[in-house]
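Since the structure comes first, as structure tokens, the remarks are kept for the end.
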Amino acid sequence: HGICKESCLGISSFSFALCQFYDFEAADRIGRLSVLLLEKCKAEEYRSYIYLLYYGNVRCWNVHVEQSLEKLLHGYHVGMQTGNIADAMINTCVFLFNSFVCGKNLVELKKELDLFGGKMVESKHIGFHHLVRLTDLMITNLLISNDSPSLFAGENTEVKILLEQATKDKNTFTICHVYILAYIEAYIFGEYELAANMIERRLEVEKTVSTRSHYFGMIDFYDGLVFLAM
């Protein structure tokens, strides 16, 4: 039956899967093929999903994260236009966190977090909103604090509720996301023991899953910084 519109979905998924085996060069080559096929077939209804996999994940292992941000925003807009709201929202989640990873101005990022967080609530995608809200809380604390205690070290009710809900739902991705943000923030505030404790908690959770979050080397980078600081 040959190549069809749906083929670009399978190719992009294969590209993403190769990243789990650390074959980033092959993953990028195959991912670019999925994007070329997307354009050739004019499969606009699949653009949001393919952009999420390729520009939100695969490509960032081979070029700087910042170079994919525009494509993720485009994936969001196309997803909203074609009715693929969930894919659109995941594109924004990745766009927002990758913006933080690549060092985007925190004031600008805070505005985008508020904007897209509101859209997630409007569209009733609360799970995605929780991920964005966690990043929003950390960015807000970084903006208003000089040497105050880490947000995740205190008794922040909202963070506790989000973590308890994720634990109840066995949502290991969100649990790890909490701990990742926690030890990045703790390190920035110089609370190295807290950061090390959060890393240990994340590692315990990762023992229960088949794959772990890397965020294109950022996790290993901060793991190393905390280790050197202890």
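All residue numbers in this chain count up from 1 along the given sequence. The figures that follow rest on heavy atoms only: side chains count, while hydrogens, waters and symmetry mates do not.
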Using the rule that two of Ile, Leu, Val, Met, Phe, Trp, Tyr join whenever any of their side-chain heavy atoms come within less than 4.5 Å, decide whether [X] and [Y] are in one cluster.
X: V178; Y: I161; value: no
X: V63; Y: F221; value: no
X: V78; Y: L72; value: no
X: M218; Y: L228; value: no
X: L131; Y: V121; value: no

For Y222 and Y187, what are the C-alpha separation, side-chain angles and deciding distance, and is it a side-chain contact (heavy atoms from CB on, under 4.5 Å)?
CA-CA 8 Å; Y222 271 99; Y187 178 82; 4.0 Å; yes
With the side chain counted from C-beta on, respond yes when [X] and [Y] share a heavy-atom pair under 4.5 Å apart, and no when they do not.
X: E44; Y: K5; result: no
X: E39; Y: R47; result: yes
X: K111; Y: E108; result: no
X: F116; Y: L96; result: yes
X: R133; Y: M120; result: no
X: R202; Y: I219; result: yes
X: Y179; Y: E206; result: no
X: D223; Y: F227; result: no

Main-chain N/O of [Y] paired to [X] side chain as donor or acceptor, under 3.5 Å:
X: N84; Y: Y46; result: no
X: S12; Y: G31; result: no
X: S48; Y: Y76; result: no
X: D87; Y: L52; result: no

Identify the two heavy atoms, one from [X] and one from [Y], that lie closest to each other, and give their separation to 0.1 Å.
X: L181; Y: M138; value: O-SD, 3.5 Å
X: R59; Y: S68; value: NH1-OG, 3.6 Å
X: F128; Y: M89; value: CD1-CB, 3.5 Å
X: L113; Y: D136; value: CD1-CA, 3.8 Å
X: N98; Y: G56; value: ND2-O, 3.9 Å
X: I50; Y: C8; value: CD1-SG, 3.4 Å

Pairwise distance [atom1]([X]) to [atom2]([Y]) - rounded to 0.5 angstrom:
X: D28; Y: C19; atom1: CG; atom2: SG; answer: 8.5 Å
X: I199; Y: L194; atom1: CD1; atom2: CG; answer: 10.0 Å
X: K110; Y: L142; atom1: NZ; atom2: CG; answer: 12.0 Å
X: L33; Y: S7; atom1: CG; atom2: OG; answer: 12.0 Å
X: T92; Y: M80; atom1: OG1; atom2: CE; answer: 9.0 Å
X: E112; Y: L73; atom1: CD; atom2: CG; answer: 7.0 Å

Could you tell me whether K207 and E204 make a salt bridge, using a distance below 4.0 angstrom between a side-chain N and a carboxylate O?
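So K207 pairs with E204 through a salt bridge.
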Does this structure show an ion pair linking K160 with E164, if we count only N-O contacts that are shorter than 4.0 Å?
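No, K160 and E164 are not salt-bridged.
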Go through the steps to decide whether L162 and L134 satisfy the test side-chain contact (heavy atoms from CB on, under 4.5 Å), and finish with yes or no.
CA-CA 8 Å; L162 289 174; L134 287 166; 3.6 Å; yes
Step by step, would you call Y51 with L38 a side-chain contact (heavy atoms from CB on, under 4.5 Å)?
CA-CA 10 Å; Y51 272 26; L38 169 71; 3.9 Å; yes
Evaluate L69 against C102 for side-chain contact (heavy atoms from CB on, under 4.5 Å), listing each step before the verdict.
CA-CA 10 Å; L69 294 180; C102 71; 3.8 Å; yes
With ring pair (Phe, Tyr, Trp, His ring centres under 6.0 Å) as the test, pick out the partner of W61 among Y54, F24, F16.
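The passing option is F24.
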Any chance [atom1] of [X] has more than 12 other-residue heavy atoms, nucleotides or ligands included, within less than 6.0 Å?
X: E66; atom1: CD; value: no
X: F14; atom1: CZ; value: no
X: E25; atom1: CD; value: no

Centroid-centroid distance, F97 to H177, less than 6.0 Å:
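Close enough - the centres of the two rings lie under 6.0 Å apart.
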How would you list, by chain and number, every residue that makes a side-chain hydrogen bond (donor to acceptor under 3.5 Å, both in side chains) with E70, sequence neighbours excluded?
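In terms of side-chain hydrogen bond (donor to acceptor under 3.5 Å, both in side chains), with neighbours along the sequence ignored, E70 is linked to no residue.
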